[in-house]
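All remarks here apply to the structure that follows.
Fair warning: this is a prediction, and the values are worked out from it, not measured in the lab. For the numbers below, each heavy atom of this structure counts, side chains included, while hydrogens, waters and symmetry mates do not. A, B, ... follow the sequence lines: proteins, then strands. Residue 1 opens every chain.
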Amino acid sequence: MKKFVRKLIKSALNNAKNDGDLELSIMPEIVVEKPKEEKFGDFSTSLAMGLAKSERRKPYEIAEILSRHLQCNDDNIDSVAIAGPGFLNITMRRSFFLERLLKAAEQPDRYGSSNAGQGKKVLLEFVSANPTGPLHVGHGRGAAVGDMLGRLLDKAGYNVSTEYYINDVGNQMNTLGRSTWARYLELQGRENGFPSDYYQGDYIKDIARDIHEQHGSEFLHKTEDEVLPFFREYSLNSILDGIKEDLAKFGVSFDQWFSEKKLYDHQLVETAVNWLRKEKYIYDKDGAVWLKSSDFNDEKDRVLIKQSGEKTYFCSDIAYHKNKIDRGFEWIVDLWGADHHGYVPRMKSALQAMGYDENVFKVMLIQFVSLKRDGDKVSMSTRSGEFETLADVIKEVGVDATRFFFLMRSSDTHLDFDLELAKKASADNPVFYIQYAHARICSIFRTATKQGIKLRDAVDVDLSPLKNEEEFIMIKKILSFTEIIEKSAELLEVHRVPFYLQDLVGTFHRYYSRNRIVSDDHDLSFARLFLMNCLRITICNGLSVMGVSSPERM
RNA sequence: GCGCCCAUAGCUCAGCUGGAUAGAGCGAUGGUUUGCGGAACCAUAGGUCGGAGGUUCGAGUCCUCUUGGGCGCACCA
């Protein structure tokens, strides 16, 4: 819609230029907004104020010129008014909106979709939790946000691929194997004291029990070195299966699961290091190998290969991100926990060293979640074993409410997740407010069907009986859905959609309480039913991009 | 010490990248149905946008300083 209005203004500008009314040595960027108040019209622009300086004229005069050119420009425009210091307020004819509403229902599933992203290849990496323990609530937020971004980018016309990076290499894997081994020995009656730097959680005991059941005392008389590979692999696979299961329950799936170990197996880490060395971004010092990241944006140089000869996590991560670009992705988006923010400049400088434009790489930092139960905060740490798992929270409050709560807040602010509130099936829980609207509309359709009034197709329906001001407020909101999706995708801001839906649904509930949809006036009923169907489609598609269901009954 | 994020109504948060009189939900108070779902609707109260400067036609939004909170500053991952 705004795109259409932008075009109108642009041609008005061109006409003004051709007629010599305005100089316009440089064409300004045209910003179209929706005025705060309905009485100001349907669209507005502050263009005249912006032009005042370069044209050396009063904003009001410029607004008058533009207004004149706009009005004779297009018959979709009803009127143009000048307000305040030079706002241009444009009111469209009602037919403008009704025509667009008819199109909205043509392909219900596709409503809200667009090609704004122009098929740009995006790689979205998220969760990527270390496979050393089950997912906790913090990972859940990343999962919900990442999954929604994937759906959002897809709907907005990007070519998006989602990926989970498995850190299945390094010391942590050995610690994991040793932890399980120690628990296994305990089951065999050999209590040697469980080291405090091992993984403490009960899930380690569960894995040890599985091994014990399957293999009995087979490993009892072997040395740790002998059994470690087995315990490591077994624990890793077991935990990874659990993570996949939790994510599946949460409605989150990935296009690829990318193993760090495979990077090493395919010599990709070596290749990346050699390349950097050849380009002289690497030097040796104190028996270690360093990247000159301080030549770029990092505050200091970083170690790639330790004195021990082991490669750092950073080292393989460079190879991983190089690989992402090599796979042809034009936009690489990583979702990281906010505690990793110090790592961002490091990664960026590595990519710059490799000659990539820093804008291809975008890190979204997801702030922490504090879980509140009865007013008390629940702490979370995998190592200590004290945490609330994602699986537990889903079980307690359900997938829909959990996802909604994670998505309704801007990702860069801390989130207080109130378990008691999320569980409530009542008015103070926004997810039910929206779902209730959907169920209510479905109920209207059931009533209509009983009375023999069927929903008509766009070609058969006459929308002219829609005259109510409230109806047009709702129609305009429905029609702005695509723009919300596009904006939300472009800025990677998921919370815009739930806010939009709450607002949309609010106008519906208000409208519903004052107006009858199905009545003796059949023409009006057909028109209103059509509107209700467009509304239902919008709610349903909005919820679906969040991964939240749209129940027909509640 | 250095860096990143946050601060808006009693609470939880929006605020369309600088626009018009700063908005929702919850909570509080008072109301609404002999008709499609009362999980709804309506009304009232509640604010020096943490503070101080600056940029300009115009600042919650941008810049500088400052206060308070969260998180980072590894040859860990």
* Structure fact -> Here RNA chain B, pairs taken as Watson-Crick or G-U under 3.5 Å and shown with ( ), [ ] when crossing and | when to another strand, reads (((((((..((((.....[...)))).(((((.......))))).....(((((..]....))))))))))))....
* ring-ring contact (aromatic ring centres under 6.0 Å, His included) against A:F4, all qualifying residues, sequence neighbours excluded ->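 Expected list: A:F96.
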Residues in side-chain contact (heavy atoms from CB on, under 4.5 Å) with [X], at least two apart?
| X | result |
| --- | --- |
| A:K292 | A:Y283, A:D295, A:D301 |
| A:S67 | A:Q71, A:V80, A:I82, A:L88 |
| A:L268 | A:L263, A:H266, A:N323 |
| A:R6 | A:K2, A:K3, A:I30, A:V32 |

* Asked: Is a side-chain donor or acceptor of A:Q172 paired with a backbone partner of A:N167 at a separation under 3.5 angstrom?
  -> yes
* To do: Look at the side chain of A:H341 against the base of B:rG3 and say whether a donor-acceptor pair falls under 3.5 Å; ignore hydrogens and angles.
  =>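 Result: at least one qualifying N/O pair found.
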Identify all pairs in which a protein N or O lies below 3.5 Å from an N or O of nucleotides 10-12 of chain B, and state each distance.
| residue | atom | partner | partner atom | Å |
| --- | --- | --- | --- | --- |
| B:rU12 | O2' | A:R409 | NH1 | 2.5 |

* salt bridge (charged side-chain N to carboxylate O under 4.0 Å, His left out) partners of residues 81-90 of chain A, not counting sequence neighbours, each pair once ->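 For residues 81-90 of chain A: none.
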* Kindly state each residue pair satisfying salt bridge (charged side-chain N to carboxylate O under 4.0 Å, His left out) with at least one member in residues 397-412 of chain A, sequence neighbours excluded. => A:D147-A:R403
* Could I get the full list of salt bridge (charged side-chain N to carboxylate O under 4.0 Å, His left out) partners for A:D265, not counting sequence neighbours? => A:K261
* Under the salt bridge (charged side-chain N to carboxylate O under 4.0 Å, His left out) test, which residues partner A:R277, sequence neighbours left out? ->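 Counting only residues at least two positions away or on another chain, A:R277 forms a salt bridge (charged side-chain N to carboxylate O under 4.0 Å, His left out) with A:D284.
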* Structure fact -> 5' to 3', nucleotides 18-23 of chain B under a 4.0 Å protein heavy-atom cut-off (B base, S sugar-phosphate only, - none) gives -BBB--
* Take atom P in B:rG3 and the same atom in B:rC65, then report the distance between them in whole Å. =>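 That atom pair is separated by 9 Å.
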